[in-house]
> 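My questions will all concern the structure given below.
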Amino acid sequence: MKKFISTLTIATVMALMVPVFSAQALAQRDCYYNREGRYVCRDEGNIYDRHRNIINVGIGTGAGAIIGGLIGGKKGALIGAAAGAGGAALYTYKINPKTKNYPRYFYRR
């Protein structure tokens, strides 16, 4: 019963905090006045676009640790985490590298 209550409490807190932190995205834009005097804002993209490599390696590490832990216990989790991190890094940096980064510009009226 204690696990259920603590899980429900954590889920409630997370559900309440996600809108609070997502509202701060407007403050993270780079805005300036261009030569013509127009107010231009540059949108940096979402979190995945900015931190793609770290997120992919982290997900690979977690998945490898879970699978290794199910198969071989603690030692299997360590081996699985290392294998997952290696595979995810190989995929992220060599097989599918991020080569195009076109920032989006828009004009406020």
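Positions are given from 1 along the sequence. Heavy-atom basis, side chains included; hydrogens, waters and symmetry copies ignored.
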> Which atom pair, heavy atoms only, marks the closest approach of Ala88 to Asn56?
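Heavy atoms of Ala88 and Asn56 come nearest at CB-O, 3.5 Å.
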> Please list, chain by chain and in numerical order, all residues satisfying side-chain contact (heavy atoms from CB on, under 4.5 Å) with Ala81, sequence neighbours excluded.
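For Ala81 the side-chain contact (heavy atoms from CB on, under 4.5 Å) partners, ignoring immediate neighbours, are Thr61, Ala65.
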> Other than Tyr91, what residues sit in its cluster of Ile, Leu, Val, Met, Phe, Trp and Tyr side chains whose heavy atoms are under 4.5 Å apart, directly or through others?
Leu90, Ile95
